[in-house]
Amino acid sequence: MTTIAQQDTNPPAQRFGTDGIKPMGRPSLITRIFMRIVAFVERMNVQFSKVGNPPIYDKAVFPWASKVEAAYPAIRAELERVLTRKDDLPGFHELSADVATISQDRGWKTFFLCGYGFSSENNIKACPQTWAACQNIPGLITVMYSILEPGKHLPAHRGPYNGVLRLHLGLIIPEPREELGIRVEHEVYRWREGEAVIFDDAFEHEAWNRTPHTRVVLFVDFRKPLRFPANFLNWLLLNLAVFTPFIREGLDNQKAWEKKFYEEAEALRNR
C-alpha cells in the first residue's frame with residue numbers, strides 16, 4: 001500500500017469516461033443540463049481535494065476507518081443472518097438500470113441500507129450494528145452489502161461522479177485470495193476479512209471473484225473532503241441527485257423489492 005507522502009506524487013489523471021462503455025441514454029433536457037454541471041464540478045473536485053487524488057488511499061488519511069474495522073465481528077454476524085435469504089436478494093441491475101452496462105445477471109447482489117437521502121428502516125433494523133458503525137463516517141451517502149458470486153467479473157468501468165469516495169470492508173473473503181480482487185487504475189487490491197480499503201471509483205476499476213465461493217464486502221460511499229467552493233457545490237449536487245432519473249428509478253425499485261421481501265418473510269413466520 002502506498003504511503004501518504006507517496007500518494008500525492010504525480011497521481012494518475014482521472015479520465016471522465018470509460019473506453020468501450022457508452023453512457024445510457026437519458027433524453028430529458030433537465031438531466032442533460034445537470035450532467036453538464038456535473039462535468040464542471042468534477043474538474044473542481046480534482047483541483048480542490050483536501051486528500052489528494054490517488055486511485056487507492058492510505059487509510060491513515062481517514063482515522064475513522066479503524067472504527068469501522070473494529071466493528072467487523074458485529075457486522076459479519078448481521079451479514080450471516082441476511083445471507084440466510086441470499087437467493088432472494090436483488091441483483092444490482094434489478095435496482096439500478098444503469099448497472100446493466102456492466103452486469104446483467106444475478107451474480108452481483110446487494111442488500112441496501114441507505115443512499116442519497118433514502119434509508120431502509122427494515123434493513124437498518126435487521127443490521128443495527130452495521131448501521132451504527134457507519135455513523136463514524138463523515139459525509140455518509142450509501143451503505144450496502146455487496147455480494148459477488150463465484151465466477152463473477154465486473155468489467156472495467158468508471159463511477160458516475162468523483163465527488164464521492166468508496167470504502168470496502170472485507171466481510172467474507174474466500175480462498176485462494178489470489179483469485180479475487182479489485183483493480184483501480186493500475187493498482188490491484190485483494191480484500192481481507194476485517195480490513196478496509198478506500199478508493200476513488202471515478203478511476204477506471206474492475207472487480208472479479210474467480211473462487212468457487214461467495215465474496216461479500218460492506219460497500220460505503222461518502223463525500224470526498226474538499227475545500228471551498230468545491231465542497232459546497234459537491235454537497236449541492238449530491239442533494240440534487242435524488243431528483244434525477246438515475247437515483248429515482250433505483251429508489252423506487254428498492255422500495256418495491258423491499259416490500260415483497262418482507263411480506264414474504266412475514267408469510268413464512270405466520271405459517
Side-chain angles (χ1 to χ4, degrees), residues 65 68-69 71-72 74-100 102-103 105-149 152 154 157 159-161 164-173 182 191 193-201 205 207 209 214-223 238 241-242 246-262 265:
V68 178
E69 290 178 327
Y72 160 73
I75 297 172
R76 170 70 182 259
E78 291 179 343
L79 168 67
E80 295 284 0
R81 291 194 290 273
V82 169
L83 291 181
T84 60
R85 293 187 65 189
K86 181 166 70 78
D87 290 344
D88 296 326
L89 300 181
F92 215 128
H93 70 291
E94 295 173 324
L95 300 183
S96 177
D98 295 319
V99 171
I102 60 170
S103 180
D105 58 37
R106 305 192 73 252
W108 187 22
K109 298 187 181 73
T110 183
F111 186 78
F112 179 91
L113 274 66
C114 78
Y116 292 91
F118 171 79
S119 297
S120 169
E121 294 183 8
N122 286 321
N123 291 357
I124 290 172
K125 184 178 179 180
C127 304
Q129 297 302 314
T130 301
W131 182 244
C134 290
Q135 303 315 298
N136 292 305
I137 302 175
L140 184 67
I141 298 172
T142 302
V143 179
M144 66 182 79
Y145 297 137
S146 173
I147 302 159
L148 212 58
E149 297 286 22
K152 182 63 175 175
L154 302 178
H157 62 286
Y161 177 58
V164 300
L165 297 178
R166 180 159 298 162
L167 174 144
H168 281 180
L169 175 68
L171 298 178
I172 298 177
I173 310 302
I182 182 169
W191 300 281
E193 292 184 358
E195 180 177 280
V197 61
I198 296 172
F199 63 96
D200 186 342
D201 87 319
H205 59 287
N209 176 12
T214 301
R215 182 238 63 178
V216 187
V217 300
L218 180 68
F219 176 119
V220 176
D221 282 345
F222 60 95
R223 287 198 306 272
L238 290 171
V242 70
F246 299 92
I247 303 300
R248 292 176 66 90
E249 291 172 9
L251 296 181
D252 288 344
N253 291 339
Q254 166 64 27
K255 291 174 184 177
W257 171 83
E258 188 177 323
K259 182 175 184 293
K260 178 182 178 182
F261 183 80
Y262 286 102

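Numbers for residues simply follow the sequence, beginning at 1.
Here the side chains of Met144 and Asn123 are not in contact, with every heavy-atom distance at 4.5 Å or above. Phe112 is not listed as a side-chain neighbour of Glu258, based on a closest heavy-atom distance of 4.5 Å or more. Contact check for Ile102 versus Phe92: no side-chain heavy atoms found under the 4.5 Å cut-off. A heavy-atom distance below 4.5 Å is found between the side chains of Leu154 and Leu148. For the pair Ile147/Phe219, no side-chain contact is recorded, criterion being any heavy-atom separation below 4.5 Å from C-beta on. For the pair Leu83 and Tyr145, the minimum side-chain heavy-atom distance is 4.5 Å or more.
When all heavy atoms are compared, the tightest approach of Val217 to Gly170 is CG1-CA, 4.1 Å. Of all heavy-atom pairs spanning Thr142 and Gly115, the tightest one is OG1-CA, 3.9 Å. Ala133 and Val68 make their closest contact through O-CG2, 4.0 Å (heavy atoms, listed as atom of the first residue, atom of the second, distance). Taking both residues in full, the closest heavy atoms of Asn136 and Pro138 are given as O-CD, 3.3 Å, listed atom of the first, atom of the second, then distance. Taking each heavy atom of Ala126 and Pro128 in turn, the nearest pair found is C-CD, 3.5 Å.
Residues satisfying the side-chain hydrogen bond (donor to acceptor under 3.5 Å, both in side chains) test with Trp257, not counting sequence neighbours, are none. Scanning for salt bridge (charged side-chain N to carboxylate O under 4.0 Å, His left out) contacts around Glu80 gives Arg76, with sequence neighbours left out. Listed by chain and number, the residues in a salt bridge (charged side-chain N to carboxylate O under 4.0 Å, His left out) with Arg223 amount to none (sequence neighbours excluded).
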Going through the checks in order, is the salt bridge (Lys or Arg N to Asp or Glu O under 4.0 Å) test met by Glu94 and Arg106? CA-CA 9 Å; Glu94 295 173 324; Arg106 305 192 73 252; 3.6 Å; yes

Residue pair Ile173, Arg215: steps toward the side-chain contact (heavy atoms from CB on, under 4.5 Å) verdict: CA-CA 5 Å; Ile173 310 302; Arg215 182 238 63 178; 3.9 Å; yes

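Rounded to the nearest 0.5 Å, atoms CG (Leu238) and CD1 (Ile141) are 4.5 Å apart. Here the straight-line distance linking atom OH of Tyr161 with atom CG of Asp201 works out to 12.0 Å at 0.5 Å rounding. The NZ atom of Lys125 sits 11.5 Å away from atom OG of Ser120, with the distance rounded to the nearest 0.5 Å. The distance from the CD atom of Glu69 to the CG atom of Leu169 is 6.5 Å, given to the nearest 0.5 Å. Within the model, atoms NZ of Lys86 and CG of Leu79 stand 11.0 Å from one another, a figure rounded to the nearest 0.5 Å. Distance check: Ile182 CD1 to His205 NE2 gives 5.5 Å after rounding to the nearest 0.5 Å.
Without hydrogens or angle criteria, Gln129 side chain to Glu78 main chain gives no donor-acceptor distance under 3.5 Å. Formation of a donor-acceptor pair under 3.5 Å by the Glu195 side chain with backbone atoms of Trp191 is not found in this model.
Between Lys260 and Asp88 there is no salt bridge, since no side-chain N of the basic residue sits under 4.0 Å from a carboxylate O of the acidic one.
Just one of His93, Lys109, Lys152 meets the side chain to side chain donor-acceptor pair (under 3.5 Å) condition when paired with Ser103; it is Lys152. The side-chain contact (heavy atoms from CB on, under 4.5 Å) test with Leu218 singles out one residue from Cys127, Cys134, Ser146, and that residue is Cys134.
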